[in-house]
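Residue numbers count from 1 along this sequence.
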Amino acid sequence: EALNVLADLKMKSYGTIVKNWSDKRPWIISPECYFHSGFSFKYLIYFCKVLKSFAEHTAKHFPFLKDKKLLLAISGGIDSVVLANLFKELNLQFSLAHCNFKLRGEESESDEVFVKKLAENLQVPVYVKQFETETFAQNEKLSIQVAARNLRYEWFYQLKDKDGFD
């Protein structure tokens with residue numbers, strides 16, 4: 001059921017909130033968003049439970065994160081979007097990094113737009129890079145999956161070195 005709640009949350013947020021980003025709070029937890037988009041408070045309550053569990057787990061196993069400058073890879077999918085919201089709610093210092101591999105046409109472009117708007121809403125820096133993944137894969141004689149992973153990791157290491165992420 002938890003997965004269905006989160007998937008429904010992403011669908012509703014993408015269809016409703018992304019088009020109307022007047023609210024300055026993260027879309028997952030904003031009461032105003034719930035009222036304006038027809039969300040019920042079961043989503044807010046569920047997110048609060050997830051946040052509490054995440055905060056406890058992080059404090060116990062990763063207490064050093066609060067003092068680090070983090071780079072969070074974000075696809076625009078539900079997992080990474082929820083993680084970005086959790087990071088924000090824990091007041092972690094982080095930036096978002098989104099790779100547009102240009103493999104899914106308009107869907108890839110929509111994910112990029114979504115991530116940029118999410119970063120604006122969360123008030124965190126965002127890095128976005130578009131890759132010519134198919135060309136790179138052909139030139140290097142790699143599968144699309146391996147090519148995308150190589151491109152992604154190389155870019156992340158460049159960002160780490162350039163901007164001092166931990």
Would you check if Asp111 and Asn100 make a side-chain contact, meaning some heavy-atom pair closer than 4.5 Å? no

Going through the checks in order, is the side-chain contact (heavy atoms from CB on, under 4.5 Å) test met by Glu109 and Gln130? CA-CA 10 Å; Glu109 301 307 314; Gln130 294 186 356; 3.8 Å; yes

With sequence neighbours excluded, give me every salt bridge (Lys or Arg N to Asp or Glu O under 4.0 Å) pair touching residues 55-72. Lys52-Glu56

Between Lys160 and Leu71, is there a side-chain heavy-atom distance shorter than 4.5 Å? no

Can you measure from NE2 (His98) to CD (Glu112) and round to the nearest 0.5 angstrom? 5.5 Å

Quick one: pull up CZ in Arg104 and CD in Glu106 and give me the separation to the nearest 0.5 Å. 10.5 Å

Quick check against the 3.5 Å criterion: does Ser53 have a side-chain atom that pairs as donor or acceptor with the backbone of Lys49? no

Under 4.5 Å between side-chain heavy atoms, hopping through other hydrophobics if needed: is there a path connecting Trp155 to Leu96? no

Between Phe64 and Phe62, what is the ring plane arrangement, given parallel below 30°, perpendicular above 60°, and tilted in between? perpendicular

For Phe114 and Val81, what are the C-alpha separation, side-chain angles and deciding distance, and is it a side-chain contact (heavy atoms from CB on, under 4.5 Å)? CA-CA 10 Å; Phe114 176 80; Val81 171; 3.4 Å; yes

Stepwise side-chain contact (heavy atoms from CB on, under 4.5 Å) check, Leu118 with Ile74: CA-CA 10 Å; Leu118 178 66; Ile74 185 163; 3.6 Å; yes

Shortest non-hydrogen contact from Leu159 to Ala97? CD1-CB, 4.2 Å

What are the two closest heavy atoms between Pro125 and Phe94, and how far apart are they? CD-O, 3.8 Å

Treating Ile, Leu, Val, Met, Phe, Trp and Tyr as nodes and any side-chain heavy-atom pair under 4.5 angstrom as an edge, say whether Val124 and Leu90 lie in one connected cluster. yes

Would you please test Phe101 and Glu134 for side-chain contact (heavy atoms from CB on, under 4.5 Å) and show each step? CA-CA 8 Å; Phe101 295 109; Glu134 289 178 336; over 6 Å; no

Mind listing the closest non-hydrogen atom pair of Phe87 and Leu72 along with its distance? CD2-CD2, 4.2 Å

Cluster check Phe156, Phe136: I/L/V/M/F/W/Y, side chain < 4.5 angstrom: yes

Given the rule that I, L, V, M, F, W and Y join up when any side-chain heavy atoms are under 4.5 Å apart, are Leu92 and Tyr127 in one cluster? no

Expected list for residues 141-153: side-chain donor-acceptor pairs under 3.5 angstrom, two or more places apart:
from	atom 1	to	atom 2	distance (Å)
Ser143	OG	Val146	N	3.1

Are Phe131 and Val113 connected, step by step, through hydrophobic side chains (Ile, Leu, Val, Met, Phe, Trp, Tyr) whose heavy atoms are closer than 4.5 Å? no

Roughly how far apart are Leu86 CG and Ser80 OG, rounded to 0.5 Å? 11.5 Å

Nearest heavy-atom pair of Ser75 and Gly77: which atoms, and what distance? OG-N, 2.9 Å

